[in-house]
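See below for the structure under consideration.
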Amino acid sequence: MGVRKRQSAELRKSALKSQAFAKLLDVPSSPRKMRLVVDMVRGKEVFRALGILKFSNKEAAARLEKCLRSAVANWEAKNERKAEKDELYISSIFVGPAPMLKRLRPAPQGRGYRIRKRANHVTLYVDTIDNAKTKE
């Protein structure tokens, strides 16, 4: 392997080491409702985002807070040290649809109303703030 390839491989490994992620699968709320909560914390520092989620009155906020804590714990396990207060931020977070449960509700005269029970998947990436400054 050449010197330049080795250097770029080492840079990629160090960038991946500073990043950690967590996934929240099959959350039983619609993606639209979850995106409202996700937009409140996108790009924020982790401990500030935890404060926002803790005092939000949305049901999705409690689930997202648990996912964020999991991502921070994954980062700490990967880097073998505790995260400091202003060290981490949410580098990317996105919500996607999960498989929909289709049901029928009985209606008059032998008809049926279609009910769609929506769910979503959330993927959250946490990165160090000093790594974000080098990307810019």
Side-chain angles (χ1 to χ4, degrees):
M1 183 183 287
V3 175
R4 285 178 49 204
K5 279 190 176 182
R6 192 176 309 118
Q7 287 174 346
S8 82
E10 288 171 4
L11 284 173
R12 274 196 308 272
K13 284 180 185 176
S14 67
L16 287 176
K17 184 150 180 127
S18 70
Q19 233 181 25
F21 74 97
K23 288 186 178 183
L24 197 57
L25 301 176
D26 293 327
V27 180
S29 70
S30 70
R32 185 176 183 179
K33 290 178 183 176
M34 183 62 85
R35 280 189 196 104
L36 290 171
V37 178
V38 164
D39 288 340
M40 289 192 298
V41 296
R42 181 175 280 127
K44 300 248 189 306
E45 294 176 359
V46 166
F47 291 100
R48 186 174 183 161
L50 285 171
I52 291 169
L53 292 173
K54 185 175 182 179
F55 294 107
S56 175
N57 58 359
K58 303 271 187 195
E59 181 188 340
R63 297 175 191 271
L64 196 61
E65 181 184 359
K66 197 170 182 181
C67 181
L68 182 56
R69 288 185 189 279
S70 174
V72 171
N74 290 343
W75 185 90
E76 288 173 349
K78 195 179 217 183
N79 292 289
E80 299 172 350
R81 64 184 179 91
K82 293 285 278 180
E84 294 177 19
K85 186 173 181 190
D86 295 330
E87 186 176 10
L88 299 176
Y89 81 106
I90 299 172
S91 62
S92 75
I93 181 170
F94 49 91
V95 179
M100 198 179 330
L101 298 175
K102 295 175 182 158
R103 303 288 184 259
L104 284 176
R105 171 151 295 164
Q109 299 178 353
R111 295 187 183 98
Y113 294 133
R114 205 175 278 163
I115 305 258
R116 294 177 303 206
K117 295 184 178 186
R118 299 178 190 270
N120 64 62
H121 299 313
V122 179
T123 306
L124 184 138
Y125 285 90
V126 174
D127 201 355
T128 56
I129 288 180
D130 60 317
N131 201 22
K133 291 176 184 174
T134 58
K135 288 180 184 176
E136 293 175 354

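These numbers come from a predicted model, not from an experiment.
- A 4.5 Å side-chain heavy-atom check between Val72 and Arg69 finds every atom pair outside the cut-off.
- Nearest heavy atom pair, residue Lys82 against residue Glu87, reads O-OE1, 4.3 Å.
- The closest side-chain heavy-atom distance from Pro28 to Arg63 is below 4.5 Å.
- In this structure, the side chain of Asp26 does not engage the main chain of Ala119 through any donor-acceptor pair within 3.5 Å.
- Of the inter-residue distances, the one linking Ile52 atom CD1 with Glu45 atom CD reads 10.5 Å to the nearest 0.5 angstrom.
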Output, in order, the C-alpha distance, side-chain angles, deciding distance and verdict of side chain to side chain contact (heavy atoms under 4.5 Å, CB included) for Asn79 and Thr128.
-> CA-CA 11 Å; Asn79 292 289; Thr128 56; 6.0 Å; no

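- Ion pair Arg6/Glu10 not flagged as a salt bridge, since none of the NZ, NE, NH1 or NH2 atoms sits closer than 4.0 Å to an Asp/Glu carboxylate oxygen.
- Atoms CG and NZ, from Leu53 and Lys44 in turn, are 10.5 Å apart once rounded to the nearest 0.5 Å.
- Minimum interatomic distance between Gln19 and Lys78 (heavy atoms only, all atoms of both residues): O-NZ, 2.8 Å.
- Looking at Lys102, its side chain never comes within 3.5 Å of a backbone N or O of Arg114 through a donor-acceptor pair.
- Rounding to the nearest 0.5 Å places CD1 of Ile129 at 7.5 Å from CG of Leu88.
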Decide yes or no on side chain to side chain contact (heavy atoms under 4.5 Å, CB included) for Ser29 and Glu59, but give the supporting numbers first.
-> CA-CA 9 Å; Ser29 70; Glu59 181 188 340; 5.9 Å; no

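- Between the CZ atom in Arg118 and the NZ atom in Lys33 there is a gap of 10.5 Å [rounded to 0.5 Å].
- For Tyr125, the ring pair (Phe, Tyr, Trp, His ring centres under 6.0 Å) criterion is met by Phe21, not counting sequence neighbours.
- How far CG of Leu24 is from CG of Leu68: 11.0 Å, rounded to the nearest 0.5 Å.
- From Glu76, atom CD reaches atom CZ of Arg81 across 9.0 Å, with rounding to the nearest 0.5 Å.
- For the side-chain contact (heavy atoms from CB on, under 4.5 Å) criterion with His121, the lone passing option out of Val95, Val27, Leu25 is Leu25.
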Going through the distances and angles, do Glu65 and Leu50 end up as a side chain to side chain contact (heavy atoms under 4.5 Å, CB included)?
-> CA-CA 6 Å; Glu65 181 184 359; Leu50 285 171; 3.8 Å; yes

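- Cys67 and Ala22 get closest at one heavy-atom pair: O-CB, 3.6 Å.
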